[in-house]
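I have placed the structure first, in the form of structure tokens, so that the comments after it can refer back to it.
One-based numbering along the sequence shown.
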Amino acid sequence: MMSETKSTILPVAKDINRVIYEHYESAEAPCVVVFCGVHGNEQAGLKAVARMKDALRAANFKGSLYILSGNIPAIRRGQRFIDKDLNRVWSRNLFSGPVLGGTKVSEHKDRRELLGIISDISNHVKGPLYFIDIHTTSAASIPFITIDDALINRRFTSVFPVPVVLGIEEYLRGALLSFINQLGFVSLGFEAGSHDAEQSVLNAESFLWLVLDVAGVLELPEGVGVAHRKRLADITRGYQNFYEVTFRYALKPDEGFKMFPGFQNFQSIEEGALLAESKGQTLVAPESTIIFMPLYQQQGEDGYFFVRKVPYPMLKLSALFRLMKLDSLLAALPGVEWIDSTKNGLRVDLKVARFMAKSVFHLLGYREVQEDKDHLLVYNRERESKKDRYPFRYSKH
């Protein structure tokens, strides 16, 4: 895959290739890696790339670009997944663990092939490396970005005119972008809109062009970047904030969940609002909040989320505390210790944790929380981030 400068456009049709497009510039140049169709029924990214192919052939590249298809069997069937959600099968120890899975789960093959490509690229590229995962939602939605809460992610995403949602990694286990962020690289998800809307394809196209421009992979012609930015800004006007996930309604097997119609992403709801039906019971909003990612499809494990706006001063304060590495003070508290010598995570005794506000961990960069019987295991993205690889050395957010 890594060789002398070249560009290749591969067909996006029934015969879907793992590598849809590749252009390699040099090991030191910036590189963008795009995933399309990690959920097979979310094909706006694939369609956007098809629209972009002629312009990509004529582009003046300064960096490298790889566009990859995700769950190929599910893409062919137009469904979210075959046996297991491909965006829930990534874990911290994949590179160091045993050979990945058997053949009984269809998604193991996709994961194994994607992991090989990610490994190849991340081992070879020495410049800035950006991973972008294009998705759509089952509900009506404006476009938005989701990120694991690391400063390198905040800094990169802050320049795009769309809402940015932090902290979803606390509620979703095994997400592809969380795995990549644990490797220290910038990674983000772009939700282009609803599944079947033509506008979602346009949004994905605009966002990808802007990513390539901001990352320094290519320079857009005069006026083109302005037009793409305006497309996204016009749709998201009034919502261009940072948000934080505060709650997830997780579905149980055979729950019979049904979301009531009419809810949209980032819609404000009042306390007592009727949200969904489950096992004959009506689910209501416990407080006035903002609903996020309501489920309007058969496959999926997440009924809905709640989010809230993150005040700008809080973003500034958390960035300052992380740059000062104040989280080291936590390890001096009774019942708190480093998990290992890498100091990328803390083990917190549950008897102590109940007296520590979750917001304190968030402020200092600890977002991923895993519970066992007696402890919380919390990990810090900042200590894993490859900050020196990127043109920004600090974050204003």
Heavy-atom check, side chain of Asp149 versus side chain of Tyr366, under 4.5 Å: no
Non-hydrogen side-chain atoms of Val34 and Leu65 separated by less than 4.5 Å: yes
Straight-line distance of Gln182 CD to Asn344 CG, nearest 0.5 Å: 10.0 Å
Nearest-0.5 Å distance, OG1 of residue Thr146 to CG of residue Leu166: 10.0 Å
Nearest-0.5 Å distance, OG1 of residue Thr342 to CZ of residue Arg383: 9.0 Å
Residues forming a side chain to side chain donor-acceptor pair (under 3.5 Å) with Ser64, sequence neighbours excluded: none
Audit row: His39, Gln79, side-chain hydrogen bond (donor to acceptor under 3.5 Å, both in side chains) steps and yes/no: CA-CA 7 Å; His39 292 141; Gln79 62 191 55; over 6 Å; no
Distance under 6.0 Å and angle within 45° of ring axis: Lys309 vs Phe242: no
is_close_aromatic(Phe292, Phe144), centroid dist under 6.0 Å: yes
Gap separating the CD atom of Glu42 from the NE2 atom of His195, nearest 0.5 angstrom: 5.0 Å
Aromatic plane relationship, Tyr243 with Phe266 - under 30° parallel, 30 to 60° tilted, over 60° perpendicular: tilted
Interatomic spacing from CD1 in Ile145 to CZ in Phe160 - rounded to 0.5 Å: 6.0 Å
Between His23 and Tyr66, a side-chain donor and acceptor under 3.5 Å: no
Spatial distance of atom CG (Leu376) from atom CZ (Phe361) [nearest 0.5 Å]: 6.5 Å
